[in-house]
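Comments concern the structure below.
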Amino acid sequence: MCIRDRSTWEGDENKYNFGFDRIFGPETRQVDVFNFAAKPLIDNVMQGYNGTIFAYGQTSCGKTFTMEGPNIHDSEYKGIIPVSYTHLRAHETPEHLVCRLLLEKKK
């Protein structure tokens with residue numbers, strides 16, 4: 001990925017540089033995150049490439065909200081996983097086998 005923005009944080013006598021392709025604010029819609037981060041990857045997967053969508057961050061930073069969404073029955077609030085599945089099913093052809101896998105978090 002191309003890193004366009006750089007942020008610097010200094011602490012504990014060390015200097016850390018972080019690069020971001022894009023930063024989404026709290027007003028960002030779920031579909032905007034999907035269109036930027038997931039849709040191009042899923043389209044490439046449908047062409048035969050491997051792809052992974054990985055959410056990483058500290059506790060309560062929005063990983064579950066982004067990946068699952070707060071309400072999968074409301075199209076405005078579906079996360080990347082349900083929207084990705086819908087996108088895959090809409091573009092499925094006889095040449096494609098879409099494997100359906102349910103992952104469950106264990107507490």
Side-chain angles (χ1 to χ4, degrees):
M1 292 190 156
C2 177
I3 298 173
R4 296 189 180 105
D5 296 325
R6 295 205 178 270
S7 297
T8 301
W9 177 74
E10 293 186 33
D12 299 330
E13 300 178 18
N14 296 310
K15 185 175 180 179
Y16 303 95
N17 289 314
F18 300 95
F20 304 94
D21 290 325
R22 182 152 178 197
I23 298 171
F24 295 96
E27 72 287 345
T28 305
R29 299 175 310 149
Q30 292 285 74
V31 70
D32 296 331
V33 176
F34 170 78
N35 286 333
F36 179 82
K39 186 178 181 297
L41 184 132
I42 292 168
D43 290 340
N44 284 333
V45 166
M46 297 298 283
Q47 298 294 319
Y49 295 95
N50 292 324
T52 300
I53 300 171
F54 183 80
Y56 178 81
Q58 75 182 64
T59 301
S60 296
C61 71
K63 298 177 300 292
T64 302
F65 182 91
T66 300
M67 296 304 287
E68 297 176 10
N71 184 351
I72 65 168
H73 303 293
D74 183 343
S75 62
E76 180 73 20
Y77 294 105
K78 285 183 181 179
I80 287 177
I81 294 169
V83 174
S84 297
Y85 181 78
T86 301
H87 183 71
L88 278 169
R89 295 290 296 168
H91 295 88
E92 192 174 36
T93 67
E95 294 86 32
H96 297 107
L97 171 64
V98 176
C99 178
R100 294 159 188 96
L101 176 64
L102 174 65
L103 300 176
E104 183 179 328
K105 292 188 292 185
K106 299 286 183 183
K107 290 185 178 187

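Below, all heavy atoms of this structure are taken into account, side chains as well, without hydrogens, waters or symmetry copies.
When all heavy atoms of Asn35 and Pro40 are compared, the pair lying nearest together is O-CD, 3.4 Å.
Here Ser84 contributes atom OG and Lys39 contributes atom NZ; the two are 11.0 Å apart, rounded to the nearest 0.5 Å. Here the CZ atom belonging to Arg29 is positioned 13.0 Å from the CZ atom belonging to Phe34, to the nearest 0.5 angstrom. To the nearest 0.5 angstrom, Ile81 atom CD1 is 4.5 Å from Met67 atom CE. Put simply, OH on Tyr77 and CG on Asn71 are 9.0 Å apart, with the number rounded to the nearest 0.5 Å. Phe36 contributes atom CZ, which lies 5.5 Å from atom CG of Asp21 (distance to the nearest 0.5 angstrom). Atom-to-atom distance recorded for Phe24:CZ and Thr66:OG1 is 9.0 Å, nearest 0.5 angstrom.
With Gln30 contributing its side chain and Phe65 its backbone, the two residues share a donor-acceptor pair below 3.5 Å.
Under a hydrophobic clustering in which Ile, Leu, Val, Met, Phe, Trp and Tyr are joined whenever their side-chain heavy atoms come within less than 4.5 Å, directly or via other members, Tyr85 and Val31 fall into different clusters. Both Ile53 and Val45 are members of a single hydrophobic cluster when ILVMFWY side chains are connected at heavy-atom separations under 4.5 Å.
Contact of the Lys63 side chain with the Cys61 side chain is registered, since non-hydrogen atoms from C-beta on lie closer than 4.5 Å. Within the 4.5 Å cutoff, side-chain heavy atoms of Asp43 are placed close to those of His87. Side-chain contact check for Thr28 versus Val33: some heavy-atom pair is nearer than 4.5 Å.
Other residues, nucleotides and ligands contribute over 12 non-hydrogen atoms within 6.0 Å of the CD atom of Glu76.
Contact check on Asp74 versus Lys78 returns no salt bridge, with no Lys/Arg side-chain nitrogen under 4.0 Å from an Asp/Glu carboxylate oxygen.
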